[in-house]
Protein chains: 2
Amino acid sequence: MPGRSSADAGGPAGGAGAPAVIGAGGVAAGLSTSDRILSAALASFATRGYDATSLDALAKGLELTKQSILYWFPSKDAVLEAVIAWSAADLSGALETALRGAGTGWVRVEAVVRSVFRLAARQPELLGLLREVSRLGPPAATQMFVALEPLVQRASAFLEAEMDAGTMRRHDPRLLLLAIYSTVIGMVTEVEVLRALGEEPTARSLVRRRTDVLALLRSALVIAPGEQARPQD
Amino acid sequence: MPGRSSADAGGPAGGAGAPAVIGAGGVAAGLSTSDRILSAALASFATRGYDATSLDALAKGLELTKQSILYWFPSKDAVLEAVIAWSAADLSGALETALRGAGTGWVRVEAVVRSVFRLAARQPELLGLLREVSRLGPPAATQMFVALEPLVQRASAFLEAEMDAGTMRRHDPRLLLLAIYSTVIGMVTEVEVLRALGEEPTARSLVRRRTDVLALLRSALVIAPGEQARPQD
DNA sequence: GAATCTGTCTACCATTTGGTAAGTGAGCAT
DNA sequence: ATGCTCACTTACCAAATGGTAGACAGATTC
């Protein structure tokens, strides 16, 4: 259990190599070295976990040496920090995009959930990292959630407004948010539980899970037209 | 990433020291050494994680040496295995007890959820371990879920029966189970997310979360008396 | 052509890791 | 008293870990 404390990536990579391409999609292609490191680190942190990822192993996968990684990032912690910053920006971006075109009420919720599932299909590591970072606790978790706070604020305010308008059942908005978060993230990242349930985590399965979770959330949240808006119960 | 493979605890501890006290509750008291090791390992695996838990640190906390741990368990993997076996039995026991007195329909779901929250209050490490093990993947995850499979079967069958009876909305039972699992476990173990939402994880908060998640699940699952049982929507 | 900067590498290093080997002392049965 | 098992310890060890120091090749700049 090392420090995993602050370290502002003081080396050559202030934030990212030169052009700061934030959302570099799939496998490492013609990326800068620092971006390739970030990409590999993201994948490994998300799947194997931070502790189980050694700089040597990371470097080997990139056909580099550990020292090259430490040239771009002053320490392993700094790599994690950079990965978090990168991922948080990417995540925010995806959700912001989804929100831009979305309407109100249930449609809006659905748009967000759909975008998360889209993300899960295209870049599963991102959501995996979210899990891992939340598991690691401070300071990593703090960094991540501070970066995502604007989204949380918006979501919380939105839910509250809907509840005030009587279109969604009344709950503590923050706890409701946690519930939605847990459900969606779980449906997307709980690969082992899925397997234990006899459901192989394929692309087709992902679509089914999306359909199911949407139906579930809908009946949990939305107050049907004829239905009366009960205060709590 | 070591082996973490099979190793059937061949040493002095076949399964647990002598009396095989399965559900030894709180802090290590007058327990046998092997049980004290298990208890400490459970706590550390659940909070710090398996990889970040060293045998030395574990031993130090118990005022033992690492070699004493390796006397009772042939390897670190074996400790994990024993912890999983122990925890799975404990978990099963708690849920079985909850199920014994429970009725049918929503009441039954509520009983289970309540028992999980009770567990979260009394022995948070148990649920933390569940998370960690599911993150570790095979073989640890396999072992855990195989041990819990009977419960999964019962739960799945129960949900299906309720849906057939028209008392619960129709979903894929397994996916529904995953959703419930994710929600409840998330509400109970996502400490960092909770903090990010400005909700300190106190005992009082746990009660509020229980109330909230129950209300949420209820409206998600239960088909209201007057409501028509739609096939899918 | 000399100096500098960049990106990578080789060579180390202290520490920590899981694990082995070989005791040691207490209790107990013969 | 002797031998034996039990519980635990000291003494090691090889491998892996994160990290430092310094060299080297290729550009770029003066």
Side-chain angles (χ1 to χ4, degrees), chain A residues 1-14 16-19 28 30-38 40-41 44-45 48-83 136 140, chain B residues 1-14 16-19 28 30-38 40-41 44-45 48-83 136 140:
Chain A
M1 195 179 44
R4 207 186 317 118
S5 62
S6 69
D8 62 339
L31 301 175
S32 73
T33 301
S34 72
D35 281 352
R36 288 178 58 227
I37 294 172
L38 250 34
S44 188
F45 290 166
R48 284 188 247 307
Y50 177 81
D51 293 305
T53 297
S54 79
L55 293 183
D56 278 310
L58 214 52
K60 201 165 163 189
L62 291 163
E63 297 191 337
L64 284 177
T65 60
K66 166 175 56 180
Q67 286 65 28
S68 294
I69 297 181
L70 289 168
Y71 168 77
W72 290 103
F73 303 92
S75 68
K76 191 185 175 186
D77 288 348
V79 176
L80 177 61
E81 277 184 48
V83 166
L136 285 172
Chain B
M1 195 180 43
R4 206 184 319 115
S5 62
S6 70
D8 62 340
L31 301 175
S32 73
T33 301
S34 74
D35 280 352
R36 288 178 59 227
I37 294 172
L38 250 34
S44 188
F45 290 166
R48 285 188 247 307
Y50 177 81
D51 292 305
T53 298
S54 79
L55 293 185
D56 278 310
L58 213 52
K60 200 164 163 188
L62 291 164
E63 297 191 337
L64 284 176
T65 61
K66 166 174 57 180
Q67 285 66 28
S68 296
I69 297 180
L70 290 169
Y71 167 76
W72 288 103
F73 303 93
S75 69
K76 191 186 176 186
D77 287 349
V79 176
L80 177 61
E81 275 185 49
V83 166
L136 286 171

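Letters go in sequence order (proteins before strands), and every chain restarts at 1. Just so you know, these numbers use all the heavy atoms, side chains as well, and skip hydrogens, waters and symmetry mates.
Atoms CG (D77(B)) and P (dT17(C)) sit 16 Å apart, rounded to a whole Å. For the pair I69(A) CD1 and dC9(C) P, the interatomic distance rounds to 10 Å; values are reported in whole Å. The interatomic distance linking D51(B) (CG) with dG18(C) (C1') rounds to 13 Å, in whole Å. Per the geometry, NZ belonging to K76(A) stands 12 Å off C1' belonging to dG19(D), to the nearest Å. Here dA7(D) presents its P atom at 12 Å from CZ of F73(B), a figure rounded to the nearest Å. The CG atom of L58(B) sits 13 Å away from the P atom of dG19(C) (whole-angstrom rounding). Whole-Å rounding puts the R48(B) CZ to dT17(C) P distance at 12 Å. As rounded to whole Å, 15 Å separates atom C1' of dC9(C) from atom CG of L62(A).
Side-chain atoms of T65(B) lie closest to dT10(D) of the nucleotides dT17(C), dA21(D), dT10(D). Distance from the side chain of L55(B) is smallest for dG18(C) among the nucleotides dC6(D), dG18(C), dG18(D). Closest to the side chain of Q67(B), out of dT10(C), dT8(C), dT20(C), is dT20(C).
Residue T33(B) places at least one side-chain N or O closer than 4.0 Å to OP1 or OP2 of dC8(D). Dashed line: the shortest gap from a side-chain N or O of Y71(A) to OP1 or OP2 of dG7(C) is under 4.0 Å. Regarding contacts with the backbone of dA7(D), every side-chain N or O of S68(B) stays at 4.0 angstrom or more from both OP1 and OP2. A sub-4.0 Å separation between OP1 or OP2 of dC6(D) and a side-chain N or O of W72(B) is absent.
Below the 3.5 angstrom threshold, one finds a donor paired with an acceptor across the side chain of K66(B) and the base of dG18(C).
Across every non-hydrogen atom of T53(B) and R48(B), the tightest pair is OG1-CB, 4.0 Å. Among all heavy-atom pairs drawn from A82(B) and F73(B), the shortest one is CB-CE2, 3.7 Å. Summarising the geometry of V83(B) relative to L38(B), their closest heavy-atom pair is CG2-O, 3.8 Å, with the distance given to 0.1 Å. Nearest heavy atoms, L55(B) versus I69(B): O-CD1, 3.6 Å.
When heavy atoms are screened at a 4.0 angstrom cut-off, S54(A) is found touching the sugar-phosphate backbone but no base atom.
Partner of W72(B) under the side chain to side chain contact (heavy atoms under 4.5 Å, CB included) criterion, out of V79(B), L64(B), I37(B): I37(B) alone.
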